[in-house]
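Working notes for the structure below.
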Amino acid sequence: METDDVLDGAPTADTAARVREVIAAAGVSQREFARRVVMDPSKLSRSLSGTRRFTAAELARIADEGRVDAGWLLGTRSRERAAAPAVGVEGGRPLQIVRETVRLIAEHGFHAVRVADIARACATSSAAIHYHFPGRAELLEAAVRWCMDEDTARRAARLAEADDAAAELRQLIALQTPRTAQQRRQWAVWLDLWAEAARSTAVGRLHSEYYRQWRETVADVVRRGVGQGVFRAGLDPQAAALTLTALIDGLATHVLSVGGPSSAAAADAMHAALTTHVTDTILAP
């Protein structure tokens, strides 16, 4: 449930105008600003348009990112004043909190992570965590959203480096093969989220929507490849994407179940199997 009781005062119409000032001063798009403050872009848009009120926690994160006083955003203080950034915290306190939450989910599982654990990892108090994220559910959802946004950004960067659809597909396969610690951590989070999706929880539904977008990305690459003549003529993009993403999921799950030095060999085998599948069923002969 969204609350407005962390800060004195309540958001007003002028609050949205002040938030717009902060976004303009940041010099980034509205979507990018939403990513930085770990907020659903659609909620930010509705709050700016007046069809939804900002929660106090959202305003706290916006104030932290914009280096302004949260009271100024609410109109309870007469003028803006700079807020001191958290010392030694890259990207500010809210991003530190969600990064540590993602790490703890990967290491211990979605339901084992407590706010006290996150506070300890951030070297702060539970009260400081609740200042930015009032409830555990909101914090976990924000962490999952951030994790997905980071994955989308990495994918877009890889695709931008490719010369054609065949190269794009090779980049996607490399990105999804859990070789590095970061990739293994990402996959560990995904495994937990699939279970949440099966239970149709709020976070599970978020993951299901993200996964639909991921599969559509693969289908778009296949569609481009057919048009470019680098993939087989008449190939069904949706069917090809369904098969390839299912193979990636199953093989990655196997790689994560293998520990120690054997995990590198398992990742190599996964990459080889996916490359063979693409060569035999997708690439033009």
Side-chain angles (χ1 to χ4, degrees), residues 1-102 122 124 128-135 137-157 160 202-203 206 209-210 213:
M1 179 180 294
E2 295 174 351
T3 62
D4 294 295
D5 57 356
V6 178
L7 301 173
D8 293 333
T12 65
D14 291 337
T15 298
R18 295 187 182 97
V19 172
R20 288 187 186 278
E21 286 185 41
V22 172
I23 296 173
V28 298
S29 68
Q30 189 170 301
R31 176 169 287 276
E32 170 59 19
F33 191 84
R35 187 192 71 82
R36 292 184 180 185
V37 297
V38 204
M39 186 175 176
D40 182 342
S42 67
K43 288 184 178 180
L44 176 59
S45 179
R46 296 202 309 274
S47 298
L48 289 173
S49 68
T51 59
R52 174 188 181 273
R53 290 206 313 176
F54 286 101
T55 69
E58 289 165 353
L59 290 175
R61 301 200 296 273
I62 290 168
D64 187 86
E65 175 63 26
R67 300 288 183 257
V68 299
D69 193 288
W72 174 77
L73 289 176
L74 286 166
T76 60
R77 293 193 174 91
S78 60
R79 64 187 179 90
E80 178 180 6
R81 71 179 184 185
V87 177
V89 178
E90 180 184 355
R93 181 67 75 188
L95 281 181
Q96 181 202 27
I97 292 170
V98 295
R99 284 195 299 265
E100 289 301 318
T101 302
V102 169
C122 294
T124 189
I129 302 295
H130 287 305
Y131 176 74
H132 293 289
F133 302 96
E138 182 184 354
L139 171 54
L140 292 176
E141 181 177 338
V144 168
R145 187 177 297 282
W146 177 83
C147 197
M148 293 173 179
D149 286 346
E150 290 296 293
D151 186 61
T152 300
R154 281 191 294 269
R155 205 162 59 224
V203 168
L206 178 63
E209 173 58 21
Y210 170 81
Q213 294 174 13

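Bear in mind the structure is a predicted one, so any value in this text is a computation, not a measurement.
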With sequence neighbours left out, the residues meeting side-chain contact (heavy atoms from CB on, under 4.5 Å) with E150 are R35, W146, R154

According to side-chain contact (heavy atoms from CB on, under 4.5 Å), who are the partners of A202, at least two apart in sequence or on a separate chain? R205

Between the side chain of T51 and the main-chain N/O of R46, is any donor-acceptor distance below 3.5 Å? yes

When every non-hydrogen atom of R52 is compared with those of S47, the smallest separation belongs to NH1-OG, 2.7 Å

[Y] side chain reached by [X] side chain, heavy atoms, under 4.5 Å:
{"X": "M148", "Y": "L206", "result": "yes"}
{"X": "F54", "Y": "R61", "result": "no"}
{"X": "V68", "Y": "R18", "result": "no"}
{"X": "L44", "Y": "V37", "result": "no"}

If we ignore angles and hydrogens, is there a donor and acceptor under 3.5 Å between the side chains of Q96 and R99? no

Mind checking what makes salt bridge (charged side-chain N to carboxylate O under 4.0 Å, His left out) contact with D151, not counting sequence neighbours? R155

To the nearest 0.5 Å, tell me how far L139 CG sits from I97 CD1. 7.0 Å

Inter-residue atom distance L59.CG - D69.CG, 0.5 Å rounding: 11.5 Å

